[in-house]
Structure formats: structure tokens, C-alpha cells
Amino acid sequence: MLKLVGGGGGQDWACSVAGTSLGGEEAAFEVARPGDRGKAGGGSPGWGCAGIPDSAPRAGVLQAGAVGPARGGQGAEEVGESAGGGEERRVRHPQAPALRLLNRKPQGGSGEIKTPENDLQRGRLSREPRAAPPAPGMGDRSGQQERSVPHSPGAPVGTSAAAVNGLLHNGFHPPPVQPPHVCSRGPVGGSDAAPQRLPLLPELQPQPLLPQHGSPAKKCRLRRRMDSGRKNRPPFPWFGMDIGGTLVKLVYFEPKDITAEEEQEEVENLKSIRKYLTSNTAYGKTGIRDVHLELKNLTMCGRKGNLHFIRFPSCAMHRFIQMGSEKNFSSLHTTLCATGGGAFKFEEDFRMIADLQLHKLDELDCLIQGLLYVDSVGFNGKPECYYFENPTNPELCQKKPYCLDNPYPMLLVNMGSGVSILAVYSKDNYKRVTGTSLGGGTFLGLCCLLTGCETFEEALEMAAKGDSTNVDKLVKDIYGGDYERFGLQGSAVASSFGNMMSKEKRDSISKEDLARATLVTITNNIGSIARMCALNENIDRVVFVGNFLRINMVSMKLLAYAMDFWSKGQLKALFLEHEGYFGAVGALLELFKMTDDK
Amino acid sequence: MAECGASGSGSSGDSLDKSITLPPDEIFRNLENAKRFAIDIGGSLTKLAYYSTVQHKVAKVRSFDHSGKDTEREHEPPYEISVQEEITARLHFIKFENTYIEACLDFIKDHLVNTETKVIQATGGGAYKFKDLIEEKLRLKVDKEDVMTCLIKGCNFVLKNIPHEAFVYQKDSDPEFRFQTNHPHIFPYLLVNIGSGVSIVKVETEDRFEWVGGSSIGGGTFWGLGALLTKTKKFDELLHLASRGQHSNVDMLVRDVYGGAHQTLGLSGNLIASSFGKSATADQEFSKEDMAKSLLHMISNDIGQLACLHARLHSLDRVYFGGFFIRGHPVTMRTITYSINFFSKGEVQALFLRHEGYLGAIGAFLKGAEQDNPNQYSWGENYAGSSGLMSASPELGPAQRARSGTFDLLEMDRLERPLVNLPLLLDPPSYVPDTVDLTDDALARKYWLTCFEEALDGVVKRAVASQPDSVDAAERAEKFRQKYWNKLQTLRQQPFAYGTLTVRSLLDTREHCLNEFNFPDPYSKVKQRENGVALRCFPGVVRSLDALGWEERQLALVKGLLAGNVFDWGAKAVSDVLESDPYFGFEEAKRKLQERPWLVDSYSEWLQRLKGPPHKCALIFADNSGIDIILGVFPFVRELLLRGTEVILACNSGPALNDVTHSESLIVAERIAGMDPVVHSALREERLLLVQTGSSSPCLDLSRLDKGLAALVRERGADLVVIEGMGRAVHTNYHAALRCESLKLAVIKNAWLAERLGGRLFSVIFKYEVPAE
């Protein structure tokens with residue numbers, strides 16, 4: 001297992017721009033293949049992973065997703081939004097209900113173009129057999145790059161035509177640069193869009209943008225040549241930040257289409273930031289770049305490049321700000337778009353210490369925009385969204401791609417330190433249904449108190465080995481078997497930690513059992529609340545995101561199981577590969593929007 | 001006192017812990033008559049239920065045989081009184097800690113004299129654990145009953161039969177309990193039972209209920225996780241820790257995430273963003289208290305949230321909470337209430353039950369007693385035999401806890417007849433009989449408690465005097481004094497102990513205590529004498545009334561009603577006068593009355609109404625025996641009859657103070673009929689009907705009236721209700737809204753109350769009300 005710590009030996013964020021270069025991201029990351037279970041070390045579990053939902057707990061089977069992550073940084077586990085003990089925010093963007101259907105499109109249309117996978121960094125995924133379409137007409141999206149456009153069947157498809165009329169297929173408004181500047185993920189069919197690695201020239205700076213015409217690729221070239229991009233494009237560096245209660249999520253766009261000229265003009269500052277971020281996978285003691293999540297050859301705001309996903313604990317925030325000050329970040333005249341509670345909490349510090357003005361953004365807006373965007377561009381040619389087939393059958397339970405082209409309405413469950421639950425009816429019509437304070441922070445907090453562990457990774461590792469049935473009181477412990485009057489199975493948990501009422505049992509359990517019980521308790525509770533909300537809101541797709549799910553296959557399968565079992569198959573649990581980063585992506589998208597608005 | 005240790009059972013070495021002294025006349029009462037047992041064994045408490053027959057002495061009145069026509073004998077009483085034994089049914093529920101179970105079973109075995117019972121219904125998690133012990137000790141076959149079925153049966157039973165069973169808990173108000181009036185339709189509701197786990201059940205009818213959901217995060221989680229985190233073993237101790245902790249030291253709050261900005265964003269900074277969130281990041285020690293508090297919040301909030309989600313899904317607004325997690329613990333009631341308010345935005349109220357701990361035992365008992373049809377009867381809580389709410393609360397001082405914490409009792413009397421709402425109530429769900437809520441009104445509470453304390457001597461004296469032939473009357477009366485005195489002291493400390501404290505509940509408690517010590521009717525002799533005196537005056541009173549012109553007569557009749565009402569032993573000021581001057585006459589009483597305009601005076605409207613068409617049927621609730629019923633009520637009834645109005649005269653089923661009982665009213669009516677042709681023919685033609693109220697209280701609860709009375713009211717189409725007397729028309733029903741015309745009359749015979757109402761002693765209330773169209 002690779003444990004990568006930034007060069008310069010234990011220094012923090014601010015240092016070691018020229019840190020140890022990693023021998024290519026491939027090394028840092030490995031994807032579990034079918035059959036690889038148990039030894040797959042990847043931070044992201046493979047498609048074929050066959051664990052068992054915890055309803056029939058069998059210690060050891062679930063290790064695929066829980067064994068030590070590739071980059072076992074000491075960063076505390078995520079945690080993003082304040083769940084708020086449950087304060088509700090009502091619909092902010094009320095829309096006529098009819099609008100919810102606006103983005104439905106004919107499924108499996110002929111306009112779909114399949115393009116080669118980009119398997120550059122990612123282990124090749126087995127896509128056979130394909131998942132059965134989860135709903136009639138919903139195409140398996142796993143192999144597709146571009147999709148037909150909702151209301152304009154005749155619209156040009158192909159090169160960069162990911163959107164027409166300002167709408168991506170899923171209703172996502174691309175970052176509001178002019179339509180041709182649509183952010184689309186490369187590589188696309190046309191050779192124009194192929195990643196361009198340009199000779200790096202010193203002192204090159206982004207250039208102002210000319211009035212646009214022609215294909216986006218052409219425009220890009222034009223723009224660079226004409227040095228005119230600046231009017232409608234924010235200056236580099238491009239960051240989006242989500243400062244949560246426990247973890248800071250940072251996305252960084254690394255332009256790969258920098259011309260020699262640009263390179264030449266690029267100020268030293270900017271260059272060093274770029275090199276530092278892209279050549280390291282760990283920053284200081286606690287910063288981690290999730291290399292396996294990197295989105296390659298992405299076109300954002302007319303530039304091609306890679307989107308990097310970085311996280312570090314919120315308690316390192318002050319060091320981060322300090323670094324910003326020392327590196328004279330403010331001289332770059334960039335705008336830091338930030339969301340999450342910390343955007344408010346640290347705003348003053350950013351201004352006072354680093355002379356940086358934060359652009360604060362609503363975290364739920366960012367979450368949704370980020371999610372829709374990442375899903376729309378896909379995950380380097382693979383689908384972003386997935387589900388578990390046969391969730392109630394541990395033997396047959398398998399991760400399968402899911403097409404989220406038609407996402408509305410969806411119940412979005414964001415599991416950070418706490419949990420927020422949103423009902424999303426369209427990209428800008430949603431409401432916060434409720435939230436719970438029993439989230440990732442609770443899992444880690446209780447685990448730390450109960451087992452003495454210190455990190456999320458440690459806690460999950462223990463949980464993977466433990467058996468919660470020693471800790472929990474099951475229905476059969478009370479009734480000797482099933483409770484038939486109410487149709488409850490004997491194996492159902494009647495009382496979480498219920499066996500711990502007895503001293504003898506307290507003395508006989510292991511830390512691993514406790515960690516497992518904590519994980520199962522928190523997860524089942526979130527599942528239960530989510531299920532009730534789905535029923536109340538009459539929504540049958542429940543999308544679980546947030547860093548509580550990071551390297552947490554146990555919870556994902558439990559949630560998949562719970563949704564399916566208790567709803568008798570009516571509810572579907574969906575998951576996304578970039579589980580915890582959508583807020584940060586959403587914040588970055590706001591940066592483009594902002595520039596556009598000016 | 002029976003010494004009842006476990007030492008003889010030879011079961012274990014910790015007999016010290018299990019031995020206990022059981023005072024048999026207080027704990028397992030009437031055990032010798034017990035037939036039918038049920039037991040509910042929970043994690044820490046055992047609840048035993050049994051049914052017993054209670055022998056009561058009752059005063060019966062019986063008419064003399066007047067066939068000899070020698071009615072002229074001046075000083076002969078109008079009827080004879082005999083004390084008879086009557087057998088009534090009672091349900092007993094006892095709650096004690098599981099550690100005492102062996103001692104209790106031994107005790108029951110020793111005292112169970114003659115029972116044909118072969119089976120004991122058992123429920124609760126511990127039922128099978130103790131099955132062998134029970135079968136061995138009691139030689140009864142254990143019949144296991146389903147836990148939830150029992151719970152729900154029990155819940156339905158208390159909701160239907162115990163007034164003020166449900167309450168809401170309000171933090172920072174005094175008192176913190178606010179009792180709900182019984183809703184006539186108890187279904188549907190949601191029951192959230194928080195035992196070791198949580199079960200959420202939707203109850204739709206007596207027999208139809210459905211498990212709609214649950215959660216594994218419940219009392220067991222609090223206890224188990226709490227024990228791990230704090231090394232504190234006992235549930236109560238954990239609650240204690242929690243009540244002293246600061247959860248914000250452990251929880252990540254919104255203000256921790258947002259900094260100071262939460263205010264500008266309109267967020268409440270104190271909301272918990274992540275339970276135990278600080279223990280994940282901060283490298284520090286956390287205090288036991290803080291962790292326990294955080295855990296309590298986490299669990300309560302979670303349960304509250306789930307309950308709200310279920311309530312919303314099923315469109316229910318009545319959600320009752322029970323289970324050992326709640327069981328009278330203010331800390332958990334507070335947090336659950338907060339959570340429900342928060343998540344439902346005030347749309348759902350968290351309701352708790354006074355006898356929540358007994359639901360399982362009650363239900364198990366009812367299951368076993370199905371052949372006796374307990375559900376077709378009405379039952380009433382016996383205040384004398386029941387310990388009040390919170391008697392086992394850990395928050396109480398150690399002294400109180402030692403006294404009553406070990407054993408907690410509930411006794412329910414089977415009422416002779418089923419009770420229902422008066423069909424004429426305007427809005428039964430919102431009807432509240434009592435005028436002043438003494439739980440609410442501290443000043444009034446203080447006054448009335450003192451008033452009842454001061455009147456206690458007189459009541460004791462009268463009780464002894466009522467049984468001159470009894471050798472132990474003085475001793476029993478002393479016991480009565482002690483018991484009632486203790487109840488009054490309990491109520492001073494915990495006004496909410498038996499639901500909403502009212503003058504009515506104080507009076508009822510006194511009656512229950514008197515009955516407890518076999519003083520079924522201390523006023524029987526007084527009533528007998530007064531009825532005799534008044535009957536002799538009747539012809540003269542009627543003659544002088546008939547001599548008046550119509551309009552004068554109407555006023556005289558009303559004044560007579562009011563004057564008769566002055567004769568009331570329930571009021572201390574009057575009982576003093578009556579004690580010192582037994583010849584205090586009717587006319588003198590009239591002179592004592594306030595001159596018009598009265599304190600509340602709608603007489604002119606009433607007179608105007610009388611000039612109109614007659615009422616179809618009047619329902620009259622009579623008050624006192626003697627002058628009141630005979631010289632006040634009957635002439636008034638007679639006038640109504642002459643107008644062509646039918647009359648239903650409702651009197652108490654059982655004795656209370658000097659109130660006229662139904663059986664007395666029958667004799668009185670018969671005697672008057674012998675003197676008065678109007679009454680005679682009305683009785684014969686059933687235009688005058690004498691019925692019983694179903695109550696034995698000096699006050700009147702229009703939501704708990706005899707079923708026969710209600711049927712008759714409906715059948716005859718009653719369009720006028722007359723309520724007289726302070727107990728029925730002022731302490732209760734003063735604000736009662738009816739669907740027909742009503743007349744509420746009373747003389748305020750209590751200086752304090754008179755002053756409170758803005759009048760003085762003997763001020764008159766004459767309240768004639770016509771419902772808005």
C-alpha cells in the first residue's frame with residue numbers, strides 16, 4: 001500500500017513545491033477487478049466487488065472496500081455540510097412542477113455516440129456483463145461519452161457538442177460562459193479536442209479573449225493566440241473550495257493546453273502552485289490528492305486540462321491560509337470561490353492574513369451544481385453514478401453503473417460530519433427536507449472515544465474486521481427468533497449497542513466489534529431517515545454522497561440493502577464516484593459563472 | 001407487616017439485596033380476593049396486575065312501608081338507612097424493581113388464599129426469563145402474551161378510562177406537565193415505544209394496529225453506549241450524568257462550522273451539526289456528564305425525527321411516547337419534546353402518559369380477562385389507592401424516593417355503569433369540566449389545599465358521628481385523616497401527581513379516601529333528617545308559591561333554587577352555620593342571598609324566555625339532599641311540568657357529601673308525589689324521569705355520564721340543561737358550552753372564591769345561556 005507523504009519530510013502545505021515526484025499516478029492507484037475482493041487496495045472500490053450487506057454480517061467479507069486506502073493520509077475523514085440538527089430550508093427556487101419534466105428526453109436515442117474509453121490512468125473496468133437498465137428506457141451510460149440533446153434532436157452532435165441551448169442532457173446548465181464555451185469532458189470524437197501538451201514556456205499568462213466564433217477547440221486556439229481570453233475567463237489558478245466541519249475539499253483545474261507563450265508568461269507564483277499541486281499527491285502531513293478521482297482532459301471554460309481533487313482536515317485551515325499569505329497568493333488576483341460553513345467561518349482570516357477575498361457560496365447550491373456537472377462529464381469515460389445489483393443477496397451483490405441522465409426527482413443525501421437530505425426537482429429547484437446530526441462525524445467521534453482510534457481510515461479498518469452482532473441486541477436475542485407479529489426478522493437489530501447494557505458482554509467485546517457496531521448504527525439510521533423522506537416526498541431514487549462513504553463499502557452496501565429491503569424494491573440507492581467533492585466542484589463552477597456575469 | 005425475604009428461596013447469595021419488607025395493607029391489597037393475574041417483566045421493573053373484588057360498606061336507603069296511612073307521625077324519618085356490604089371490582093397494578101421479584105412472588109403465594117386462577121398472563125422481555133420461577137412459586141401456568149399487543153391494549157384502556165392520562169411536557173413552565181382532556185375518539189394515534197429499541201405503531205381501532213417502523217437507536221443504545229463511554233452502569237445514573245452535562249463540548253454545533261456567521265445567515269448556532277463531532281477532531285478528554293448529555297440529545301433527537309417522519313407519512317398528529325426511556329424521566333421527556341417541536345415545527349405534540357409504565361401489564365391482564373369483557377365497563381382511577389406520577393422519579397429527593405420509589409401503585413375501580421359524553425356538549429373534544437386549573441394557578445392551589453386541610457377535622461368528626469355503633473370508627477377515621485393529609489402534602493409538592501389538580505380532584509380524592517376506610521356515606525343521617533324536615537315543609541312552600549302571580553312566582557322559584565343551595569355541607573362556611581344552628585331555615589337562607597342584580601345575573605333574559613313557548617324537555621342536575629332538592633328543585637320542576645316541559649332529574653349514583661343520591665331522590669319523589677298531584681301524574685306518565693349520573697362526585701364531568709342518561713337525553717330531545725350548585729356549576733362547567741339552552745345557578749359559599757369572582761359571600765350566580773345560532 002502506498003502511503004505518500006509530501007516531499008520535504010513532514011512539512012505542511014506551505015512547503016516543498018518541488019516535492020517528491022510520483023512515478024505517475026497509475027502507481028498510486030489500483031482498481032479492484034471482479035474477483036479481486038479483499039486485496040484491492042484502491043481508494044475506490046472496483047465495480048465487481050462482492051461484499052455482503054451487514055444484515056447478515058460476516059466479518060471479513062467486506063474488506064474490499066474497507067482495507068486501507070491507497071493514500072492513507074492522517075486526514076480526518078470528511079465531513080462537509082452542517083447537517084444542522086435538522087433545520088429545514090424550504091424551496092429556494094420554486095418552480096412550477098411541470099418544470100420537473102423539462103429535461104426528460106427520449107432514451108437511447110440514435111444521437112448517442114460511443115467513444116473510446118479513456119483508460120489512461122484508471123485500471124480498465126470490466127463492463128461486462130452490463131447492468132440491466134435499471135428502468136425501462138434508461139440506457140446504460142457506461143460507455144458513452146456524448147449524448148443526444150434533449151429538445152433538439154437535430155442538433156449537431158460530435159465534437160464538443162455536449163450541450164445545446166445551454167443545457168446538458170441532464171438539465172445541467174454548463175458554467176455560464178457563452179454557449180460555445182461549454183465545459184465538456186475530453187477526449188471527444190474530434191481530434192481537435194485531444195489533449196494538447198504544449199511546450200511549457202515561461203512567463204506566459206492567460207490572455208484576454210476575443211469575440212468567439214467557430215468550434216470551441218478552434219476558439220481555444222484563437223483565444224490563446226489572440227491573448228484575449230481574460231474578459232470572460234477568470235485568471236488562473238482555478239480553485240473551488242468546500243470547507244466543511246471536518247474536512248476541506250479543494251478542486252484545482254490544471255490547464256494542460258498552456259502554450260509555450262503562456263508558459264513563458266506564467267508568473268512564478270502560479271507556476272509553482274501548479275507544479276506543487278500536480279506533482280505531489282500528498283501535501284504536508286495531512287493534505288491528500290485523490291489521484292484516482294482526477295478528471296482528465298476536461299474542457300472547462302474553454303480550457304483543457306485536468307481537474308484535481310484534494311482534501312485536508314479543516315483544522316489545517318489556518319496553515320493553509322498562512323501559506324496563501326506567504327506565497328503572496330493575492331497577487332494573482334484570483335477569486336477564491338468557497339462554500340461550506342468554513343467559507344463563513346474563515347472569511348475574515350482569509351482577508352486579514354492572506355489579503356484574499358473569499359467568494360462565499362451556498363453549499364447546497366454548490367453541491368447540486370457540482371454533482372450534476374461531474375455526472376454530466378462522466379468519470380474519464382466511465383459513468384460517475386453506480387448502484388448495487390442484488391443488494392439483498394450478499395453473494396450476488398455487485399456494483400453496477402447507473403445512468404443518471406434523468407435525475408429528477410432525486411433525494412440527495414449528503415453525508416458529511418452531519419447529514420443533509422435534499423429533494424431535488426430540477427437543477428435549481430430543490431428543498432432541504434431534513435438533516436440529522438448523526439453522520440460521519442458521529443461515527444468517527446464515537447469510534448475515537450470507544451476504540452481510541454484516530455483516523456477515519458483506522459476506524460473503518462477496525463470496523464471491517466468487527467462483528468456488530470456482539471454489540472447489538474438482535475430481535476432474536478429478545479424474542480428467540482423472528483418477531484412474527486410485526487414481521488421482523490430475528491437477525492434485525494432491535495437495539496444498537498443493546499448488549500452493552502450487560503457488564504459481562506461489555507467485558508467480552510473487541511474494539512473492532514465496537515467500531516463495526518458504530519458504523520452499522522450510524523449507517524442504518526441515515527438509511528432509515530432517508531427512506532422515510534423518500535416516502536414522504538414520493539421520490540424513489542436516493543443518491544448518497546459525501547465523504548462518509550469514502551472507502552466505506554460497508555456503509556454503501558448497507559444503504560443499498562436497506563433501501564431495497566425496507567421498500568420491497570421500490571427505492572434505489574445510488575452512489576457517485578466523487579462522493580465528497582461536489583460542493584467544491586460547484587464552487588469552481590461559480591467562479592466561471594461569476595466571471596461571466598461581470 | 002410481613003417480613004418477606006428471599007432467604008428462604010435459597011437461590012443466591014445476594015439475598016440482602018432482594019429482601020424487602022412489604023406492608024400488605026398498602027402494597028398487595030385485597031390479595032386474598034385476587035382472581036386472575038398478569039405480569040409484565042421489563043428490563044428492570046416488574047409490573048404485576050390482578051383483579052380483586054372489594055367489599056365495600058354502602059349506605060342503602062329504603063322506603064318504609066306506608067300502607068298503614070299513618071304518615072302523620074311527626075318525627076319519623078322519611079326512609080330507613082341500612083349499611084350493606086357491596087362487592088365492587090377493582091384492578092390493582094403494582095410496579096417494583098426486578099430485584100424484588102422473588103420476594104414478591106413469595107408474598108403473593110402466602111397471601112393468595114382462595115383463588116381458582118390457574119393461569120398468569122405474562123408479557124415483557126423478562127417474561128420467559130422468569131417463567132420457571134413464576135410457575136414454581138405461584139403454581140400458575142405462565143401464558144405468554146405478545147408485548148406490543150399488550151402495550152396497545154393497555155394504552156387504549158388508559159386513554160379511554162383515565163381522565164388526564166395524557167400530558168405534554170413543557171420545559172420551564174410551572175408545572176412542567178400539561179394534561180390533556182380525554183378525547184372522545186382516541187383513534188387513530190401513533191405509539192412510539194422506546195424500550196431498548198424503538199417501535200412505532202399506528203393504532204387505528206381497538207383491534208387494528210400496525211407496526212409502521214422502528215429504530216434500533218433507543219433506550220438500550222443510551223444505556224449500552226452510555227455505559228461504554230462513561231463506565232456508569234445504571235440507567236438512572238446515566239440520566240443523572242446527562243442532566244448535568246454540556247453537550248456543546250462534545251457535539252459539533254452549527255456555530256463551530258460556520259463561526260460567527262450563522263447569525264447573519266439566520267441559522268441557529270446552537271443546532272447540532274454533528275453529534276460527537278468534536279470528539280472526532282479534538283484531542284482531549286471529555287467529561288462523563290458531557291458525553292452522556294450528548295448521547296441523550298443524539299438519541300432523543302433521532303427518535304423525535306423518526307416519529308415526526310412517521311406521523312407525517314400517516315397524517316397523524318397525536319403521538320404518544322412510552323417505554324423505559326421515557327417513564328417519567330423529565331430529562332428524556334424534555335429532549336423528546338424539544339425534538340418533536342423542532343422537527344415538526346410545532347405541528348405534532350409529543351404526548352406522554354401518566355401510567356405509561358403499566359400499559360403492558362394492563363394489556364396482558366385485559367387479554368386474560370377477555371371473558372369478563374372489561375372493555376364494556378367504564379373504569380375510574382382510585383386516587384386513594386394509586387401513587388401519583390413521578391413517585392419513582394430519580395429526580396426526587398432520596399427521602400421521597402425511599403418512601404415510594406420502590407413500589408408504585410395504580411388502582412382502578414370498575415364503575416357500575418359505562419360512562420359517555422353528554423350528547424348536548426357543543427364540542428366534546430374541547431370540553432374541560434374544571435373551571436380553575438390548580439396546577440396552573442399557584443395562588444388558587446395554595447388556598448384550596450389549605451382549605452381542604454382545614455376542613456379535614458370536620459370531615460373526620462362527621463365520619464365518626466355517622467357510625468355511632470361502630471367500635472373502630474374513630475380508628476378508621478384517624479387512618480382516613482392520615483391518608484388524605486398525606487395526599488394533600490403530596491399534591492403540594494407535585495400538583496400534577498394525578499393529572500390536572502382541581503377542586504374536583506381534591507373532592508374526589510377525599511371521597512375515595514373515605515370509602516377506603518369504610519365511611520361510604522358520612523352524611524347519610526344528616527341527609528335523612530333534612531329530607532324529613534324538608535318534606536314536611538313542601539306543601540306549605542308550594543301553597544305559598546301558587547298564591548303568587550306568574551312573574552313573582554318565577555322569581556320566587558329561582559330564589560328557592562338558590563336558597564336551597566345554601567344548604568351545602570361541602571362548603572366550610574355553611575357547615576359551620578349548620579353545625580351551630582340546625583334550624584337555620586329556608587326563609588332565613590333566602591334573606592341571606594344577595595339582592596339583585598346578582599353577581600352574574602341574566603334572570604331577565606330567562607324570564608323573557610319563560611314567556612315564550614315551553615321547553616320540550618329539561619335535564620336538571622340536582623345538588624344537595626334536604627331543603628335544596630325538596631324545597632328548591634321540586635317546586636321548580638313542578639312549574640316546568642305545568643308548562644308542559646318534560647323533566648329528567650339526574651342525581652349522583654353514589655354518595656358524595658350531602659349531595660342527593662339517585663336512590664334518595666326516588667324516595668323523595670315518591671313522597672312528594674303522595675302530596676302533589678302534578679308530580680304524581682308526571683311520574684306515572686313518565687314526564688318526570690329520575691336517572692342517575694353515574695358519578696359519585698360533588699362535581700360534574702359532562703364527559704363521563706351514565707350511558708342510560710345520555711340515551712334518555714337523546715330520546716327525549718332535551719333542550720334545556722339546568723345545573724345547580726357550586727360544585728357542578730362553578731368549580732366545574734362554569735364555562736361549559738352546550739348545544740342547547742342552559743341555566744347555571746349557584747350561591748358562592750366560599751369567601752375566597754366569591755372575592756376572586758368579584759363578589760362576596762353568598763353572591764349569586766345566575767347564568768342563562770343560549771347557544772349561538
Side-chain angles (χ1 to χ4, degrees), chain A residues 76-77 79 82-88 244-246 313-315 340-342 344-347 416-418 434 436-442 444-446 448-450 471-473 478 480 485-488 493-501 503 506 514 521 524-525 528-529 532-533 535-536, chain B residues 43 125 128 146 148-149 195-197 199 211 213-221 223-225 227-229 233 235 250-252 254 256-262 264-265 267-268 271-281 283 286 291 297-298 301-302 305-306 309-310 312-313 342-343 345:
Chain A
E77 138 275 18
V79 189
S82 81
E87 129 269 7
E88 255 187 55
T246 312
S314 301
C315 54
F344 297 87
K345 185 177 176 179
F346 296 106
E347 184 190 16
S417 312
T434 188
T436 168
S437 68
L438 283 83
T442 315
L444 184 56
L446 282 175
C448 291
L449 293 172
L450 292 172
V471 179
D472 294 341
K473 192 168 266 196
I478 298 175
R485 181 69 182 76
F486 286 160
L488 290 175
V493 183
S495 173
S496 296
F497 287 86
N499 278 341
M500 297 298 93
M501 291 188 276
K503 188 180 182 318
R506 281 201 295 276
L514 289 172
T521 302
N524 276 337
N525 189 61
S528 174
I529 292 171
M532 288 306 298
C533 291
L535 283 174
N536 272 327
Chain B
Y128 74 108
D146 174 68
M148 286 312 291
T149 309
S196 49
S199 285
W211 185 87
S215 167
S216 65
I217 300 183
T221 314
W223 196 343
L225 199 44
L228 288 169
L229 291 171
K233 289 178 203 137
F235 182 74
V250 183
D251 290 342
M252 182 187 287
V254 165
D256 296 319
V257 180
Y258 277 83
H262 61 86
T264 50
L265 293 169
L267 295 171
S268 164
L271 288 182
I272 304 170
S274 175
S275 293
F276 286 90
K278 279 185 184 151
S279 60
T281 48
D283 197 15
F286 297 93
M291 287 189 291
H297 273 293
M298 177 180 108
N301 282 337
D302 193 54
Q305 179 172 26
L306 272 176
L309 286 168
H310 280 284
R312 213 179 116 204
L313 189 64
F342 179 80
F343 284 106
K345 299 188 176 54

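Computed from a predicted model, the values in this text were never measured in an experiment. First the proteins, then the strands, lettered A, B, ... as listed; each starts at 1.
In this structure, the side chain of B:Thr221 engages the main chain of A:Ser496 through a donor-acceptor pair within 3.5 Å. Under a 3.5 Å cut-off, the side chain of B:Ser275 and the backbone N or O of A:Leu438 do not form any donor-acceptor pair.
B:Met291 touches chain A through its side chain: at least one heavy atom from C-beta onward sits under 4.5 Å away, while N, CA, C and O do not. Both the backbone and the side chain of B:Leu313 come within contact range of chain A, with heavy atoms under 4.5 Å apart. For a residue to count as touching a neighbouring chain, one of its non-hydrogen atoms must lie under 4.5 Å from one of that chain's; by this rule B:His297 does not touch chain A.
The heavy-atom pair separating A:Thr436 from B:Gln305 by the smallest distance is CB-OE1, 3.6 Å. Residues B:Ser196 and A:Ser495 share a closest heavy-atom pair of O-OG, 2.8 Å. Contact detail for A:Gly441 and B:Ser274: the closest heavy-atom pair is CA-OG, 3.3 Å. Smallest separation of non-hydrogen atoms from A:Ser528 and B:Gly214: OG-O, 4.3 Å. Scanning both residues, A:Gly245 and B:Met252, for their nearest heavy atoms gives O-CE, 3.6 Å.
Separating the CD1 atom in A:Ile529 from the CG atom in B:Leu306 is a distance of 5.0 Å, to the nearest 0.5 Å. To the nearest 0.5 Å, atom CE of residue B:Met298 and atom CG of residue A:Asn525 are 8.0 Å apart.
Residues A:Thr521 and B:Leu225 form no side-chain contact, since every pair of their non-hydrogen atoms from C-beta on lies 4.5 Å or further apart. No side-chain heavy atom of B:Val257 sits under 4.5 Å from any side-chain heavy atom of A:Lys345. Counting only heavy atoms from C-beta outward, the side chains of A:Asn524 and B:Ile217 never approach each other to under 4.5 Å.
With chain B as partner, the option from A:Val493, A:Leu535, A:Leu449 having the largest number of non-hydrogen pairs under 4.5 angstrom is A:Leu449. Ranked by non-hydrogen atom pairs under 4.5 Å with chain A, the options B:Thr149, B:Leu228, B:Val250, B:Leu229 are led by B:Leu228. Here B:Ser216 is the residue among B:Ser215, B:Gly195, B:Ser216 with the most heavy-atom pairs under 4.5 Å with chain A.
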When you look at B:Asp251 and A:Ser437, which way does the side chain to side chain contact (heavy atoms under 4.5 Å, CB included) test go after all the steps?
CA-CA 9 Å; B:Asp251 290 342; A:Ser437 68; over 6 Å; no
